[in-house]
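Everything on this sheet refers to the single structure shown next.
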Amino acid sequence: MQAAGKEREEGRRAGDGDGSGSSGRIASKFAELRARNERGLVTYAMTGFPSERASVSAVSGMIRGGADVIELGFPFSDPLADGPAIQEASSGALGRGATFEGFLRTASRIRRANRDVPLVLMTYTNILYNLGYDRAASMISDAGIDGIILPDMAADESAPYVAAARRCGLDTIFLASPNTPAGRLRRIASLSTGFLYMVAVYGTTGVRGGRAGRRAGKAGSSSVAGYALDAIRRAKRTAGRPRTRLPIGVGFGISSPADVRQYVGAGADAIIVGSAYTKIIKESAPRDVEKNVSAFTRRLKAATRGAS
């Protein structure tokens, strides 16, 4: 993985001086988006579901469709933050013998094919803790990954993890919820680099409103809650001020261009979509995964453009 590690170092240098606390591909991407007056689209694929080939094809489709950042999921046996679609994908990948070493090989393969796209690992704390944070961070960085999301990582217990990630140049992307108090939100933001992940809804991930991803992507009405829009505005005031320039990403329950437009209107810097992609990947024939994912991505990405 030495070549991927070299590209990782070049990616870190490329983003130096952004001001968001991030100094790599993610920072560079958000700077590029600001210059184009766009919001980012962050897309998710569970590696190994329903096969490695399918997850690699899905990532190719996301990139073809205009995704700005790719989340690569590594399965966990008790994914508490995830809804039924991603839980099923996680169980399926584990049932097929998913290993962290296999994940890293897949991530390296994706990085070799896509030099510039930011890649983020999304998994759970025990995976990294059991490996040791320093060892895990080094392996992750060498695979060409730019940042980490751990939904169950408590801010008050995160110092060893954050220190290890920083030593390897990895962004640490923390989650906040709509009812996170202002003081705690500032603390979470201070630990976050790359972007802050604002959870849009109470509960787990998943498509809201009873619509499958493809159907919602075509014409579905938005099911965005008013409190989610208020939370984004509050997060922008608290954590996204010009001094820090920390972007605010919003995720959970987003499945349509209508959802994207509402969150963009509330000031979100990035829109994060996961379960809707998982459904599309599951329901597509292997030969159609890349095509179907690309088409859905183009519809979502179009809704992020021309933001005020």
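Basis for what follows: all heavy atoms, side chains included, without hydrogens, waters or symmetry-related copies.
The CZ atom of Arg184 lies 11.0 Å from the CG atom of Asn179; values are rounded to the nearest 0.5 Å. Atoms CZ and CE, on Phe252 and Met198 in that order, are 11.5 Å from each other to the nearest 0.5 Å. Remark: Ile188 CD1 to Leu246 CG distance equals 11.5 Å, nearest 0.5 Å. For the atom pair CG of Leu185 and CZ of Arg234, the computed distance is 6.0 Å after rounding to the nearest 0.5 Å. Annotation: the span from Leu300 atom CG to Ile271 atom CD1 amounts to 9.5 Å, rounded to 0.5 Å. With values rounded to the nearest 0.5 angstrom, Glu71 atom CD is found 9.0 Å from Leu121 atom CG.
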**Study point:** Val59 vs Leu72, side chain to side chain contact (heavy atoms under 4.5 Å, CB included): CA-CA, chis, key distance, verdict
**Key:** CA-CA 9 Å; Val59 170; Leu72 300 175; 3.8 Å; yes

Practice item. Quick one: do Phe74 and Thr106 satisfy side chain to side chain contact (heavy atoms under 4.5 Å, CB included)? Show the steps, please. Key: CA-CA 11 Å; Phe74 178 71; Thr106 300; over 6 Å; no

Practice item. Evaluate the criterion side chain to side chain contact (heavy atoms under 4.5 Å, CB included) for residue pair Leu170 and Thr172; output intermediate values, then yes/no. Key: CA-CA 6 Å; Leu170 293 166; Thr172 53; 5.8 Å; no

Check your understanding: For Ile140 and Leu128, what are the C-alpha separation, side-chain angles and deciding distance, and is it a side chain to side chain contact (heavy atoms under 4.5 Å, CB included)?
Key -> CA-CA 10 Å; Ile140 292 164; Leu128 276 62; 4.2 Å; yes

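Ring geometry for Phe195 against Phe30 counts as tilted: the plane angle lies between 30° and 60°, on a 0 to 90° scale. Using the six-membered ring where Trp is involved, Tyr133 and Tyr129 have ring planes that are perpendicular, over 60° apart on the 30 and 60° scheme.
Scanning all heavy atoms of the two residues, the minimum distance from Val264 to Ala303 falls at CG2-O, 4.1 Å. Closest approach of Ala164 and Ala137 over heavy atoms only: O-CB, 3.7 Å. Nearest heavy atom pair, residue Met139 against residue Phe100, reads CE-CD2, 4.3 Å. Looking at every heavy atom in both residues, Ile127 comes nearest to Pro75 through CD1-O, 4.4 Å. When all heavy atoms of Pro178 and Ala200 are compared, the closest pair comes out as CG-O, 4.1 Å. When every heavy atom of Ser192 is checked against every heavy atom of Ile173, the shortest pair comes out as OG-C, 4.5 Å.
For the side-chain contact (heavy atoms from CB on, under 4.5 Å) with Val120, the lone residue among Ile70, Ile145, Ile148, Val69 that qualifies is Val69.
Using a distance-only test at 3.5 Å, with no hydrogens or angles considered, no donor-acceptor pair links the side chain of Ser55 to the main chain of Phe49. Here the side chain of Thr297 pairs no donor or acceptor atom with the backbone of Gly66 at under 3.5 angstrom. A donor-acceptor pair is defined here as one N or O able to donate and one able to accept, closer than 3.5 Å; no such pair exists between the side chain of Ser284 and the backbone of Val289. In terms of modelled atom types and a separation under 3.5 Å, the side chain of Ser141 and the main chain of Cys168 share a donor-acceptor contact. Looking only at distances, no side-chain donor or acceptor of Ser158 sits under 3.5 Å from a matching main-chain atom of Tyr161. Using a distance-only test at 3.5 Å, with no hydrogens or angles considered, a donor-acceptor pair links the side chain of Thr47 to the main chain of Gly73. In this structure a side-chain-to-backbone donor-acceptor pair under 3.5 Å is present from Asp152 to Thr125. Checking side-chain atoms of Arg39 against main-chain N and O of Val260 turns up no donor-acceptor pair under 3.5 Å.
In summary, Arg25 and Asp171 do not engage in a salt bridge, as defined by a charged side-chain N under 4.0 Å from a carboxylate O. Using a cutoff of 4.0 Å between basic side-chain nitrogens and carboxylate oxygens, Glu52 and Arg105 are not scored as salt-bridged. Here Arg111 pairs with Asp146 in a salt bridge; the nearest charged N to carboxylate O distance falls below 4.0 Å. By the 4.0 Å N-to-carboxylate-O rule, Asp68 lies close enough to Lys301 to be salt-bridged with it. Lys279 has no carboxylate O lying under 4.0 Å from a charged side-chain N of Glu283, or vice versa, which leaves the two without a salt bridge. Between Lys236 and Asp269 there is a salt bridge, since a side-chain N of the basic residue sits under 4.0 Å from a carboxylate O of the acidic one.
For Asp230, the side-chain contact (heavy atoms from CB on, under 4.5 Å) test picks out Arg233, with sequence neighbours left out. With sequence neighbours excluded, the residues satisfying side-chain contact (heavy atoms from CB on, under 4.5 Å) with Ala154 are Glu157.
With contacts defined as side-chain heavy-atom distances shorter than 4.5 Å, the pair Lys291/Asp288 qualifies. Using a 4.5 Å heavy-atom threshold, the side chains of Leu229 and Tyr263 count as touching. In this structure the side chain of Val293 reaches within 4.5 angstrom of the side chain of Tyr277, judged on heavy atoms.
Ser275 and Thr278 form no side-chain donor-acceptor contact under 3.5 Å, judged by distance and modelled atom types alone. For the residue pair Arg112/Ser108, the side-chain donor-acceptor check at 3.5 Å is not satisfied. Arg167 and Ser138 share no side-chain donor-acceptor pair at under 3.5 Å. With no hydrogens or angles considered, no side-chain donor-acceptor pair links Ser60 and Glu290 at under 3.5 Å.
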